[in-house]
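Each chain gets a letter, A, B and so on, in the order the sequences are listed, and its residues count up from 1. Only this structure's heavy atoms are used, side chains among them; waters, hydrogens and symmetry mates stay out.
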Amino acid sequence: MRISQYFMPILRDDPKEAEIASHRLMLRSGMIRQEAAGSYSWLPMGFRVLKKIEQIVREEQDRAGAIEVLMPTIQSADLWKKSGRYNAYGPEMLRIRDRHDRDMLYGPTNEEMITDIFRSVQSYKDLPRNLYHIQWKFRDEVRPRFGVMRGREFLMKDAYSFDLDREAGQHSYNKMFVAYLRTFARMGLKAVPMRAETGPIGGKDSHEFLILADTGESEVFFDRDFYDMDWSNFDIDYDDVGKVAKLVDDFTSKYAATDEKHDKAEFEQRVPEARRLTGRGIEVGHIFFFGTKYSEPLGCLVQGPDGKQVPVQSGSYGIGVSRLVGGIIEASHDENGIIWPEPVAPFKLGLINLKAGDAETDQACEKIYRGLAAKGVEVLYDDTDERPGGKFKVMDLIGLPWQVIIGPRGLKDGIAEVKNRKTGERSNVPLADIIGRFSN
RNA sequence: CGGAGUGUAGCGCAGUCUGGUAGCGCACCUGCUUCGGGAGCAGGGGGUCGGAGGUUCGAAUCCUCUCACUCCGACCA
């Protein structure tokens, strides 16, 4: 993409309303634009990141055997009245009337709807199943803040598992647990699973996945061992019940809790002082096992091998996709701007033409730009006639993992400068080697 | 929902107390000089002053109502 043809409204100054780093940087780098309290338009740069994250989530859900569907944002209130949550949910739920005066709502979640969908299944032979979708939700928060980290409208992946009995349900829960470890690790995050309150959704088993960031909403206490574990390689056979359970055990046997669940005495007893870590965390995922909480009232029954009808056992599994965009920035930025982990970066590298309009420089840049594009490398090419200083600032701000800098000075010797955004490391690379270096 | 604020050009702000031609910086456009970490000079464009009503010869400014947004607290993926 050529910046001269792109839409990337960079703000030179900090917008006054943005208090935290991710919000400030997302506005400055032209990723988002606020439309109302807690609701944002995703501009090209932000949208690219959102889609990358969404795709990683999708791939890991699929890998774990979940099946993608898409349910509407606007739901009929009927199902919610049946489950009892229409009254229980409170003003967070945005209630709407259609032209026939029917009660509708903008879905804050989809347990009722998916359970109703699943009622068509009659036999245990069609279990287990796990259905998920990635859809916009709306929760009318009293006080939205922190940009996309706590908006009212947000993109969420929610999955729902259906099993015949508690034991099978546990395996479904464990599979999602492992899928979450993989998902966050692929984004360059260490999201620590912590035992959680089950909250209004209810249920027995529940874990939250939190990433560490100073601006996190809750205080967290955990064992340093988490950081020494292998977060990169959970290549696992999801059908191997024992191995999946073992991995979950490994990650849940160590102490980790948010302030809500924190038990000081237990923490001090189980974790040696040298390994005790405290900090703040941002919740990016939450999984529940809630059994028959919805299947019973909504009549989602299947016939077991013994011919008896039983309500299915369910769990639900959420990931805050749009929140992750902010969360990743909170976990990865410096005073100059964003530092994107490569798997979610909007572009892999930024190509800077230091002297646009100069025939030789233009030609060298053009050759590299086309060469990389031909190899499928995502390049943002700054072909504008801005001054070098401004280009450097903007490129650091938007945080692409690599910068390739080409100007007359290096061109004399046939070299380009390659800069790593994260480490700041620079090296001179012969022009002829650039394309090879960045093609996979 | 309690408390505190703010709405004036794309962004950041002054002007409001004390009514009298709507300003400044950045950004933007034109030209010239510059050109490896946010350049200089000259010229220029852009505003229903959040909205409605009122007072007045005259309202960004005073009065009434209203809407939106931000921050702190309680609450949350």
Side-chain angles (χ1 to χ4, degrees), chain A residues 9-20 23-24 27-28 30 33-39 57 89-93 107-111 134-159 180 191 196-197 199-201 206-211 216-218 258 260 281-288 316-327 336-337 352-358 361 382 384-397 403 405-412 415-417 419 424 426 428:
Chain A
I10 298 289
L11 300 179
R12 186 166 171 149
D13 303 306
D14 288 339
K16 63 171 178 177
E17 73 271 17
E19 290 293 303
I20 65 166
H23 191 195
R24 184 167 49 81
L27 289 168
R28 279 203 57 203
R33 197 185 89 111
Q34 178 166 330
E35 298 299 350
S39 98
V57 170
Y89 220 94
E92 262 199 349
M93 185 156 76
T109 178
N110 287 71
E111 277 87 2
I134 300 174
Q135 176 65 291
W136 292 92
K137 307 277 191 293
F138 193 94
R139 290 183 195 170
D140 199 357
E141 298 286 346
V142 197
R143 195 182 155 210
R145 62 182 120 175
F146 302 152
V148 300
M149 300 258 290
R150 191 173 163 197
R152 291 192 294 173
E153 193 173 9
F154 55 96
L155 187 62
M156 183 174 167
K157 184 284 300 183
D158 39 329
Y180 276 36
E197 294 287 354
I201 297 185
S206 177
H207 288 92
E208 306 182 320
F209 290 75
L210 290 101
I211 56 177
E217 58 222 328
S218 40
T258 61
E260 285 178 337
I282 298 166
E283 183 182 343
V284 291
H286 202 156
I287 59 179
F288 300 91
S316 74
Y317 315 90
I319 290 180
V321 176
S322 50
R323 165 177 275 199
L324 270 167
V325 181
N336 295 316
I352 300 181
N353 181 337
L354 284 179
K355 194 163 185 177
D358 174 78
T361 317
D382 191 342
T384 64
D385 57 7
E386 292 298 309
R387 298 161 51 80
K391 294 188 174 187
F392 292 136
K393 288 286 181 195
V394 168
M395 206 54 89
D396 283 350
L397 173 67
Q403 297 174 14
I405 301 161
I406 295 178
R409 211 166 74 187
L411 225 44
K412 279 194 311 230
I415 56 161
E417 189 182 345
K419 176 181 163 184
R426 298 154 186 275
N428 290 323

May I ask you to say what [X] touches in the nucleic acid, namely base, sugar-phosphate or nothing, with a heavy-atom cut-off under 4.0 Å?
X	value
A/G390	base
A/V284	nothing
A/D158	nothing
A/E283	sugar-phosphate
A/G151	base
A/K16	sugar-phosphate
A/K419	base
A/I405	base
A/R33	nothing
A/G407	base

I'd like the [atom1] distance from [M] over to [N], given in whole Å.
N	M	atom1	result
B/G10	B/C29	C1'	14 Å
B/A27	B/U70	C1'	24 Å
B/C57	B/C17	C1'	23 Å
B/A4	B/G25	P	36 Å
B/U16	B/C62	C1'	10 Å
B/G7	B/G46	P	25 Å
B/A42	B/G37	C1'	27 Å
B/U6	B/G15	P	11 Å

key: Closest-nucleotide 5' rank along RNA chain B - winner of A/D396 and A/V148   =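 Checking each residue's closest nucleotide, the 5'-ward one belongs to A/D396.
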ask   = Nearest nucleotide by nearest heavy atom, which residue falls closer to the 5' end of RNA chain B, A/G38 or A/Q403?
value =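 It is A/Q403 whose nearest nucleotide is closer to the 5' end.
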query = Do the side chain of A/R323 and the base of B/C76 come within less than 3.5 angstrom through a donor-acceptor pair of N or O atoms?
reply =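 Under the 3.5 Å cut-off, the side chain and the base do not form any donor-acceptor pair.
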task = Mark yes or no for a side-chain to base donor-acceptor pair under 3.5 Å between A/R28 and B/G38, with no hydrogen or angle criteria applied.
result =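 Yes.
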Among [options], find the nucleotide with the atom closest to the side chain of [X].
X	options	result
A/Q34	B/G37, B/C69, B/G36	B/C69
A/F154	B/C26, B/A77, B/G36	B/A77
A/P388	B/A77, B/G36, B/C28	B/G36
A/P15	B/A77, B/G36, B/G12	B/G12
A/A37	B/G37, B/U70, B/A77	B/U70

Identify each atom pair where a protein N or O and an N or O of nucleotides 71-73 of chain B are less than 3.5 Å apart, giving names and distance.
unit_1: B/C71; atom_1: OP1; unit_2: A/E17; atom_2: O; d: 3.4
unit_1: B/C72; atom_1: OP2; unit_2: A/R143; atom_2: NH1; d: 3.2
unit_1: B/C72; atom_1: OP2; unit_2: A/R143; atom_2: NH2; d: 2.2

Rounded to whole Å, please give me the gap between [atom1] in [X] and [atom2] in [N].
X	N	atom1	atom2	result
A/L11	B/G25	CG	C1'	16 Å
A/D382	B/G36	CG	P	15 Å
A/D385	B/U34	CG	C1'	13 Å
A/E92	B/A74	CD	P	16 Å
A/L27	B/U70	CG	P	11 Å
A/K393	B/A39	NZ	C1'	14 Å
A/E141	B/C69	CD	P	15 Å
A/D14	B/G10	CG	C1'	16 Å

For [N], which nucleotide in any strand shown is its Watson-Crick or wobble partner with both distances under 3.5 Å?
N	result
B/G73	B/C1
B/G31	B/C41
B/C26	B/G10
B/U16	none
B/G53	B/C63
B/U48	none

ask   = Any side-chain donor-acceptor pair under 3.5 Å between A/D396 and A/Q403?
value =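 Yes.
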Could you measure the distance from the [atom1] atom of [X] to the [atom2] atom of [Y]? Nearest 0.5 Å is fine.
X	Y	atom1	atom2	result
A/L324	A/M156	CG	CE	11.5 Å
A/I352	A/T384	CD1	OG1	9.5 Å
A/R12	A/R28	CZ	CZ	9.0 Å

task = Tell me whether A/F392 is stacked on the nucleobase of B/G38, counting only the six-membered base ring and applying the 5.5 Å and 30° thresholds.
result =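 The ring of A/F392 is not stacked on B/G38.
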Any residue meeting side chain to side chain donor-acceptor pair (under 3.5 Å) with [X], in chain and number order, not counting sequence neighbours:
X	value
A/E17	none
A/R426	A/E417
A/K393	none

Do [X] and [Y] have side chains that get closer than 4.5 Å, going by heavy atoms?
X	Y	answer
A/K137	A/N110	yes
A/F392	A/D382	no
A/R139	A/M93	no

Protein and nucleotides 45-49 of chain B: nitrogen or oxygen contacts under 3.5 angstrom:
none

key: Contacts of type ring pair (Phe, Tyr, Trp, His ring centres under 6.0 Å), residue A/F138, not counting sequence neighbours   =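 A/F138: ring pair (Phe, Tyr, Trp, His ring centres under 6.0 Å) contacts with A/Y106.
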inquiry  = Check this for me: does any side-chain nitrogen of one of A/E217 and A/R323 sit under 4.0 Å from a carboxylate oxygen of the other?
reply    =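 A salt bridge is present here (some side-chain N lies under 4.0 Å from a carboxylate O).
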ask   = Are A/R387 and B/G38 close enough that a side-chain N or O sits under 4.0 Å from OP1 or OP2?
value =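 No, no such contact exists.
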query = Do you know the tightest heavy-atom contact between A/A416 and A/I406?
reply =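 Here A/A416 and A/I406 meet closest at CB-CG1, 3.7 Å.
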task = Before giving the answer on side-chain contact (heavy atoms from CB on, under 4.5 Å), spell out for A/F209 and A/I287 the whole-Å C-alpha distance, their side-chain angles and the decisive distance to 0.1 Å.
result = CA-CA 8 Å; A/F209 290 75; A/I287 59 179; 4.0 Å; yes
